[in-house]
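Convention: sequence-line order gives letters A, B, ...; per-chain numbering from 1.
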Protein chains: 2
Amino acid sequence: MHKKLKYICNMSSSKLLKGSLATIVLKLLEEHDKMYGYQITQRVKALTEGELTITEGALYPTLHKLEADGLLTTETQKVDNRIRKYYSLTKQGNAEVKSKVAELEEFLINLQKVLNPKLGIG
Amino acid sequence: MHKKLKYICNMSSSKLLKGSLATIVLKLLEEHDKMYGYQITQRVKALTEGELTITEGALYPTLHKLEADGLLTTETQKVDNRIRKYYSLTKQGNAEVKSKVAELEEFLINLQKVLNPKLGIG
DNA sequence: TTCATATACTTAAGTTTCTTATGCATAAGA
DNA sequence: TCTTATGCATAAGAAACTTAAGTATATGAA
């Protein structure tokens with residue numbers, strides 16, 4: 001579809017903090033065994049009730065990089081005459097998810113400390 | 001000081017997610033009335049027990065941009081023959097803090113939904 | 001039948017926001 | 001004297017996005 005006529009307003013949404021996308025992708029793949037790009041965008045949208053939108057321009061290059069880095073492998077399937085490229089974690093990818101998620105959560109805790117110093121960490 | 005001899009390892013720390021720095025700065029200024037750059041770096045370090053480090057190369061351009069955007073004003077003071085450039089929120093800045101912090105927290109909630117769908121939001 | 005929307009992947013140009021490195025300057029302690 | 005701490009500024013380069021364009025098939029509505 002040509003998007004020349006995409007005059008629709010972009011209601012959503014909370015902006016993605018740069019640097020979190022790869023971790024999100026890895027985490028989803030840890031839970032789902034294998035997913036294709038479009039499915040990932042839909043999954044994120046569903047989990048956040050439409051508040052968080054992963055754009056294709058961000059997602060696909062990220063998937064390609066994770067594959068190039070050896071964290072993901074691919075297999076293509078044809079469904080309804082359309083190609084799906086399924087991604088899944090490699091062994092290395094499986095190890096990396098944990099550290100990436102841990103690192104992100106550590107950052108989030110620090111962010112809470114700065115933004116809301118009164119609250120304990122719990 | 002010339003840093004040519006800075007061979008020391010950089011132990012720390014959880015990487016800053018791109019996009020959060022301006023919000024952090026605004027939030028700190030909401031609580032402190034006025035602060036200077038170096039003070040901000042030290043405050044963040046203290047609040048996070050040294051885990052989060054704001055680099056000067058990131059901070060100063062951010063402060064300049066927030067000032068250019070009309071969210072901050074400055075006044076300089078000389079202390080011990082060294083100049084301090086104090087930043088404080090403008091009226092507009094004071095309004096923006098709230099929306100920026102709200103937007104960031106909204107994102108964090110969505111991130112939790114994606115990373116840990118089992119946990120409720122509480 | 002035509003148009004719009006949904007599905008599905010790719011890539012390029014441009015922007016934002018960092019990191020890294022450099023530079024300047026003063027003060028204080030080893 | 002050398003290093004560390006205090007204090008600011010800025011430039012080059014990289015990372016990670018946004019925006020926009022392209023390609024292609026399927027489906028439902030007008």
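- Within the nucleic acid shown, A:G37 comes within 4.0 Å of sugar-phosphate atoms alone, with no base atom in reach, counting heavy atoms only.
- For B:E67 and B:T74, the side-chain atoms include at least one donor-acceptor pair closer than 3.5 Å.
- Side-chain N/O atoms of B:H64 include one lying less than 4.0 angstrom from OP1 or OP2 on D:dT10.
- Atom CZ of A:F107 is separated from atom P of C:dT17 by 14 Å (rounded to the nearest Å).
- The cationic atom of B:K85 (NZ for Lys, CZ for Arg) does not lie both less than 6.0 Å from the six-membered ring centre of B:Y36 and within 45° of the ring axis.
- Residue A:T62 has a polar side-chain atom (N or O) positioned under 4.0 Å from OP1 or OP2 of D:dC17.
- Contacts of B:H32 classified as side chain to side chain donor-acceptor pair (under 3.5 Å), with partners at least two apart in sequence or in another chain: B:R43.
- Sorted by residue number, the members of residues 67-85 of chain B with any non-hydrogen atom under 4.0 Å from DNA chain D read B:R82, B:I83, B:R84, B:K85.
- Here B:Y60 reaches the OP1 or OP2 of D:dC8: one of its side-chain N or O atoms lies under 4.0 Å away.
- Between D:dG7 and B:Y36, a contact under 4.0 Å exists linking OP1 or OP2 to a side-chain N or O.
- Between A:F107 and A:E103, every side-chain heavy-atom pair lies at or beyond the 4.5 Å cut-off.
- Ion pairing between B:E51 and B:K45 fails under the 4.0 Å rule for side-chain N and carboxylate O.
- If you take CG on B:L89 and OG1 on B:T73, they are separated by 8.0 Å, rounding to the nearest 0.5 Å.
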